[in-house]
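In what follows, every heavy atom counts, from backbone to side chain, and hydrogens, waters and symmetry copies are set aside. Nothing here was measured: the structure is a model prediction, and the numbers come from that model.
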Amino acid sequence: MSQTAGSARRTVDPALLPPRWVQAVRSIVLIVVGFLITFTATFHEQFGFDLAVVVGSLAAIGLVHVLESWYRRGRSGAAIALALGIVALVAAVVLATFSSEIAFAVTIAAWALASALLEFIGMVVAPGSRQDAPLVGAAGVLLALAVLLSRADLVAVIGFFGAYAVIAGVFLGIAAFDTRRTTEAEDATLGTAANA
């Protein structure tokens with residue numbers, strides 16, 4: 001009876017989750033971006049500075065996703081991680097190529113919405129492979145809406161991007177160091193050994 005309750009309680013298969021270091025690196029990149037934007041407020045009147053920060057941030061986020069897809073190759077969730085990486089890298093290239101103020105806001109909104117949709121798709125297609133998907137996806141949708149509504153105010157756009165980075169970074173950091181992963185992995189190992 002307790003074995004049945006234990007398997008009903010287990011909602012995340014630890015084998016499907018990305019390694020802690022991937023989530024930690026993603027979290028660190030996002031938090032650093034958020035703090036960089038927060039503590040450089042005096043430079044946000046310069047479009048070139050904001051553009052460089054966002055292009056660098058998207059490139060770093062894209063590379064982390066590509067690393068995750070390489071680690072997951074042959075396993076569930078690799079395609080979603082690769083798609084997330086490609087979307088971020090394409091957004092970085094688009095911003096670097098078409099460096100206008102309207103392209104800045106529209107590209108950030110498009111990246112945020114595409115990333116959110118991919119997070120939700122990953123959550124449905126490979127359940128348990130992206131335990132942070134609901135929160136990160138919802139934050140992406142909110143970022144897209146906020147950026148589109150304030151597209152004329154570039155300081156607000158970069159501010160919303162920084163807020164997204166901090167919120168998503170904190171949640172990813174919590175997921176990376178979630179102790180339930182270890183407990184569930186041990187439960188799964190014990191359950192397999194008991195059934196053998």
Side-chain angles (χ1 to χ4, degrees), residues 11-39 52-95 107-144 146-147 158-182 184-185:
T11 57
V12 178
D13 181 0
L16 293 176
L17 294 173
R20 288 181 194 269
W21 66 267
V22 168
Q23 288 180 311
V25 169
R26 228 176 123 193
S27 173
I28 289 167
V29 165
L30 287 167
I31 289 173
V32 166
V33 166
F35 282 130
L36 176 68
I37 290 169
T38 301
F39 292 115
V53 167
V54 174
V55 167
S57 303
L58 290 174
I61 291 167
L63 290 174
V64 171
H65 283 301
V66 169
L67 268 174
E68 178 185 353
S69 74
W70 179 79
Y71 178 83
R72 286 180 180 247
R73 66 191 183 282
R75 288 188 284 164
S76 179
I80 294 295
L82 182 60
L84 283 164
I86 290 170
V87 166
L89 292 172
V90 166
V93 170
V94 167
L95 277 176
T107 304
I108 290 174
W111 164 78
L113 189 57
S115 294
L117 290 175
L118 284 169
E119 291 283 357
F120 292 140
I121 289 169
M123 184 177 70
V124 172
V125 172
S129 66
R130 306 195 76 76
Q131 70 187 93
D132 51 356
L135 294 169
V136 176
V141 171
L142 289 175
L143 173 62
V147 166
I158 192 77
F160 287 130
F161 183 77
Y164 163 85
V166 169
I167 291 167
V170 166
F171 280 113
L172 288 167
I174 291 168
F177 298 103
D178 186 4
T179 57
R180 289 180 298 172
R181 280 173 67 146
T182 308
E184 289 167 356

J.: Determine the minimum heavy-atom distance between Ala112 and Gly140, stating which atoms define it.
T.: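 Between these two residues, the closest heavy atoms are CB-O, 3.4 Å.
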
J.: Just how far is it from atom CG of Leu36 to atom CD1 of Ile31, taken to the nearest 0.5 Å?
T.: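 Here the rounded value is 13.5 Å.
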
J.: Give the minimum heavy-atom separation between Gly169 and Ser27, together with the two atoms involved.
T.: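 Result for this residue pair: O-OG, 2.6 Å.
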
J.: For a 4.5 angstrom cut-off between non-hydrogen side-chain atoms, does Arg26 reach Val136?
T.: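 Yes; the side chains approach each other to less than 4.5 Å.
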
J.: For the residue pair Val166 and Phe35, what are the closest heavy atoms and their distance?
T.: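 Smallest heavy-atom distance, with atoms named: CG2-N, 4.4 Å.
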
J.: Are the side chains of Ile80 and Met123 in contact, using a 4.5 Å heavy-atom criterion?
T.: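 No - every pair of side-chain heavy atoms lies 4.5 Å or more apart.
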
J.: Atom CG of Leu63 and atom CG of Leu67: how far apart are they, to the nearest 0.5 Å?
T.: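 Going from the CG atom of Leu63 to the CG atom of Leu67 covers 7.0 Å.
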
J.: Which distance, rounded to the nearest 0.5 Å, do you find between the CD1 of Ile158 and the OG of Ser57?
T.: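 With rounding to 0.5 Å, CD1 (Ile158) is 7.0 Å from OG (Ser57).
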
J.: Say you draw a straight line from CG of Leu143 to OG of Ser115; how long is it, rounded to the nearest 0.5 Å?
T.: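 One finds 9.5 Å between CG of Leu143 and OG of Ser115.
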
J.: Any side-chain heavy atom of Leu89 within less than 4.5 Å of one from Val66?
T.: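 In contact.
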
J.: Atom CG in Leu142, atom CZ in Phe160: separation rounded to 0.5 Å?
T.: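 If I round to the nearest 0.5 Å, the distance is 10.0 Å.
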
J.: Would you name the heavy atoms of Ala78 and Ser69 that are closest together and state the gap between them?
T.: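 Closest approach of Ala78 to Ser69, heavy atoms only: O-CB, 3.4 Å.
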
J.: Find out whether Trp111 and Leu84 are in side-chain contact, i.e. whether some heavy atom of one side chain is under 4.5 Å from a heavy atom of the other.
T.: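 No, side chains not in contact.
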
J.: Find the distance between CG (Leu135) and CD1 (Ile167) and round it off to the nearest 0.5 Å.
T.: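 One gets 10.0 Å once the value is rounded to the nearest 0.5 Å.
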
J.: Return yes when atom CZ of Phe120 has more than 12 non-hydrogen atoms of other residues, nucleotides or ligands closer than 6.0 Å, and no otherwise.
T.: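 Enclosed: over 12 neighbouring heavy atoms sit under 6.0 Å from CZ of Phe120.
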
